[in-house]
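Not measured: the values here are computed from a predicted model. Here is how names work: the chains are called A, B, and so on, in the same order as the sequence lines, proteins then strands, and each is numbered from 1.
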Amino acid sequence: MGRLMLVDGHSLAYRAFYALPAENFSTSTGQTTNAVYGFTSMLINVLRDEQPTHLAVAFDLGRQTFRTEEYAEYKANRATTPTEFSGQVPLIREVLDAMGVPQVTAEGYEADDVICTLTRRAREAGHDVLVVTGDRDSFQLVDDHVTVLYPVRGVSELSRMDPAAVEARYGVPPGLYPDLAALVGEDSDNLPGVPGVGPKTAAKWLLAHGGLAGVIGAAGDIKGKAGENLRTHLHDVERNRRLNRLVGDLDLPLGPADLERRPWDRDAIHTVFDGLEFRVLRERLFATFDNDEPEATGGFAVEVRRLDDAAARAWWDALPTSARLGAEVVLDDTADTGTGPGDGVVEAVALAASPAAGESVSEVVTVPPGTLLDLARGGGPGLVLHDAKPQLHLLAGRPPSSSTASLPEGLVVSDTALAAYLCRPDQRSYDLADLSVRHLGRTLVEGEEVEGGAPVEDQLGLDLDGGSGGGDDPSALLEAARQVRAVRAGIRAAAVAELDAVLRAELEEREGSALLRDLELPLLRVLARMEDAGIAVDVEQLQQLREHYDVRVSEAARLAWAEVGEEINLGSPKQLQRVLFEQLAMPKTKRTKTGYTTDAEALQDLYERTEHPFLLHLLEHRDAIRLRQTVEGLLATVGPDRRIRTTFQQTIAATGRLSSTDPNLQNIPIRTEEGRRIRAAFVVGRDSAGDMGCLMSADYSQVEMRIMAHLSGDAGLIEAFRSGEDLHRFVGSRVFEVEPAAVTPEMRAKVKAMSYGLAYGLSAFGLSRQLRTPVEESRALMDEYFERFGGVRDYLRGVVDQARRDGWTATILGRRRYLPDLTSDNRQRREAAERMALNAPIQGSAADLVKVAMLGVQAGLDAAGARSRMLLQVHDELVLEVAPDELDDVRELVVREMAGAADLAVPLDVSVGVGRSWFDAAH
DNA sequence: AAGAAGACGTA
DNA sequence: CGTACGTCTTCTTG
């Protein structure tokens with residue numbers, strides 16, 4: 001006895017398509033996903049709620065069926081299927097494939113017939129059946145063992161149609177429903193019924209005459225207008241009944257026995273859901289899945305021994321020096337350090353040796369952090385951490401009094417988050433629990449992820465909530481909590497140990513091992529030291545700036561409000577749209593998903609056309625409020641030592657770049673005069689030994705174009721860089737066939753935009769929009785450009801071809817980016833992937849170079865025992881704080897390391913500036 | 001409370 | 001209809 005769930009795929013997808021606003025569901029590549037989302041969401045819910053043992057989804061095959069053959073008008077009233085919808089059906093099928101759900105179709109028949117056939121056969125096998133469909137014809141299948149779940153109100157709610165429900169709704173038992181539908185007609189199928197006969201009349205007749213045959217037989221006796229209509233439409237009614245009868249004897253490739261639910265392909269689900277950008281839905285899916293089949297995804301069983309200093313030393317010494325230990329700090333987050341949320345005290349480090357084969361319970365020890373650091377200083381086993389940098393900060397203690405620089409060399413031999421990132425840099429997170437599920441097929445059972453933290457406590461037989469069994473001895477409770485923390489960290493350490501082995505093999509396969517070992521891993525410590533250092537700011541100057549911008553904000557708002565006569569919220573695009581396009585009836589701008597854009601470019605354009613002063617005040621307000629917010633954000637993060645400490649993210653950007661958060665110091669304004677005042681507030685500070693001398697900013701000039709020249713081998717471009725001539729002037733003189741000296745600023749601007757656009761996959765359309773010139777002109781420019789620099793064109797083509805063949809692009813150092821969408825049937829997705837393929841080797845190689853340079857600079861500073869230190873990296877720029885007497889040495893070091901980061905076909909040009917502030921150091 | 005959308009800062 | 005990010009506000013949804 002099982003429970004078979006049969007889903008009408010098209011019917012539900014259609015419901016979802018119309019229930020969810022398409023504009024709210026699209027991927028970054030422009031694929032609409034509302035139907036996929038709605039369908040999948042509904043499926044997850046219904047699986048969760050109904051727990052079927054068997055499952056299949058039926059799909060229609062085209063529009064030609066035996067019904068259209070009998071009656072050409074069948075469903076002919078339906079508008080042609082929107083392409084937005086049909087494009088999503090294959091995606092839904094991909095989701096189902098990944099979920100291991102069988103799909104059944106039958107040529108010439110509809111999904112309903114498939115469902116009817118499977119229902120019959122399942123009933124014969126003794127199963128109960130649940131039919132999930134938005135097609136009312138299926139009500140004829142309902143009986144004591146067959147229930148239809150019928151969506152009402154969009155996709156969020158399913159109505160449970162059992163015999164009683166059908167009868168309550170239509171006044172007839174399920175068996176008579178198709179008779180009733182034949183009389184009443186079905187608009188959605190273009191089947192007209194008897195005029196003037198609705199469900200009430202039809203039910204009355206059917207009950208009085210025992211069914212449609214009876215009604216037809218007694219047609220002559222039925223009085224009134226309705227009876228007359230019945231007699232003139234008998235033919236329609238009989239036809240309706242033939243068409244709405246579901247076929248129950250199809251020859252199908254699959255029977256109920258083949259539909260038993262099977263394990264889902266986690267990797268496929270990740271791939272599919274990544275592509276669809278369904279993050280929450282994936283979590284819901286796994287939540288449902290894990291609850292369904294816990295035995296398929298056992299967690300980590302650990303046995304934790306707490307070692308004191310002496311025991312830890314003995315344990316450590318017994319390990320082979322080549323051992324790799326999965327590690328995770330044990331954080332006592334109940335200890336209030338008074339320094340903010342998420343802080344705590346490292347009470348121990350959990351260490352897990354790689355498990356011996358067949359071992360089901362991992363042995364984990366926890367050791368005191370001080371002991372561990374001591375031991376590691378003497379060499380021996382290395383640690384593998386997951387997302388090591390924050391843990392290194394915890395281990396090192398809080399700057400400025402402590403620094404990760406003090407941690408033992410060789411402490412961390414790998415980082416599983418970095419390894420996973422190098423394997424697949426496009427993921428948006430490298431959560432240990434996700435990776436564990438994905439690569440180990442094991443659920444990382446963590447207290448936080450389960451209601452009430454049950455699993456770990458269960459494993460320990462503890463009751464932390466202070467309930468009846470918990471006892472009220474406070475020290476016992478504290479001890480129990482400590483043990484829970486140790487077990488949680490121990491589980492993570494055990495997972496890391498296993499993950500390390502798997503990811504090392506995977507990374508090796510992808511030829512990324514050296515990148516991890518020689519670049520990212522050493523860089524991790526460099527970044528940690530930069531984060532430790534922070535950058536000094538002039539707080540008073542920032543406060544003055546805030547006031548200055550604040551005045552600008554108020555003044556601009558006042559003037560803007562005066563122009564429109566009401567105090568609208570100038571930060572609300574919605575209210576702005578109302579004022580601009582309705583109240584002031586300005587010409588419409590570019591469309592967005594929800595209306596018309598009010599971005600700065602559009603506002604500027606509108607101003608040029610209307611000269612309405614409101615627009616100027618609005619732009620002024622935007623600018624000022626943004627600058628004020630930037631300053632406020634910075635002020636909020638200034639530490640007690642007047643320094644700002646960012647976090648560099650090493651596993652976010654798919655191209656290999658770093659990113660900076662909390663606060664983001666990679667997007668401090670520079671383009672406008674007003675914005676640059678913020679840069680001037682970043683100043684040289686002091687270290688433990690006293691005042692530093694100056695800030696130094698060193699950046700690569702045109703690094704991406706140089707990499708393009710190198711990678712393409714284009715003789716003209718290489719010559720441009722070797723000649724020492726201004727790049728854009730040189731290119732302009734070639735493209736426009738004039739002497740370099742005769743290149744006008746306009747010509748230079750055009751080729752400059754073209755050159756930079758190349759690396760982004762710029763189109764003639766995009767170029768024309770940017771240059772505000774006709775498309776033909778920009779196309780001509782592109783043609784001329786490629787004519788002169790044919791190597792560039794050949795290279796760009798070659799990159800995409802290679803990536804399509806191999807599935808990935810690679811940088812100079814072999815950093816890969818996988819782009820499966822290059823072979824997508826969806827043009828939008830494919831072309832977006834092509835642009836990424838063009839850009840990834842260039843942006844990524846630049847990122848490689850800067851990282852190499854950073855390692856070199858750090859090594860040079862360390863070797864010299866310098867006080868000077870690196871503070872920031874802004875993609876092609878390094879910012880350092882230089883000690884007074886080290887300026888010349890550091891300048892020389894930085895230029896040497898940056899320029900020598902790679903041996904390219906063109907020189908790497910580095911420009912350096914120094915000054916009291918970041919602004920002054922700009923050059 | 002959490003997420004989407006729109007806007008905009010950087011390279 | 002140009003790549004890669006992060007963060008803010010407003011608005012919508014659960």
Contact class for [X] vs. all strands (heavy atom < 4.0 Å): base, sugar-phosphate, or nothing?
X	answer
A/A846	nothing
A/A653	sugar-phosphate
A/G757	base
A/L767	nothing
A/R817	sugar-phosphate
A/A600	sugar-phosphate
A/I670	sugar-phosphate
A/I652	sugar-phosphate
A/Q843	base

Return no unless some side-chain N or O of [X] is found under 4.0 Å from OP1 or OP2 of [N].
X	N	result
A/T594	B/dG6	yes
A/S660	C/dC5	no
A/T598	B/dA7	yes
A/R626	C/dT9	no
A/T592	B/dG6	yes
A/K574	C/dT12	yes
A/S659	C/dA4	no
A/T661	C/dG6	no

Parallel, tilted or perpendicular: rings of A/F614 and A/H612 (30°, 60°): perpendicular
Nearest of [options] to any side-chain atom of [X]?
X	options	result
A/T655	C/dC1, C/dA4, C/dT7	C/dA4
A/D623	C/dC1, B/dG9, B/dA11	B/dG9
A/P669	B/dA11, B/dG9, C/dA4	B/dG9
A/R835	B/dG6, B/dA11, C/dG2	C/dG2
A/P573	C/dC1, C/dA4, B/dA7	B/dA7
A/Q629	B/dA11, C/dC5, C/dT9	C/dT9
A/A654	C/dG6, B/dC8, C/dC5	C/dC5

On a plain distance test, is the side chain of [X] in donor-acceptor contact with the base of [N] below 3.5 Å?
X	N	result
A/N667	B/dG9	yes
A/Q770	C/dG2	yes
A/R622	B/dA7	no

N-O pairing of [X] and [Y] below 4.0 Å:
X	Y	result
A/R804	A/D801	yes
A/R815	A/E520	yes
A/E555	A/R558	yes

Span that lies between the P atom of B/dA5 and that of C/dC1, in whole angstrom: 15 Å
Please examine the side chains of A/S701 and A/R706, heavy atoms only from C-beta on, and report whether any two atoms are closer than 4.5 Å.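 Counting from C-beta outward, A/R706 and A/S701 do come under 4.5 Å.
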Taking C-beta and beyond as the side chain, do A/E897 and A/L878 meet within less than 4.5 Å on heavy atoms? no
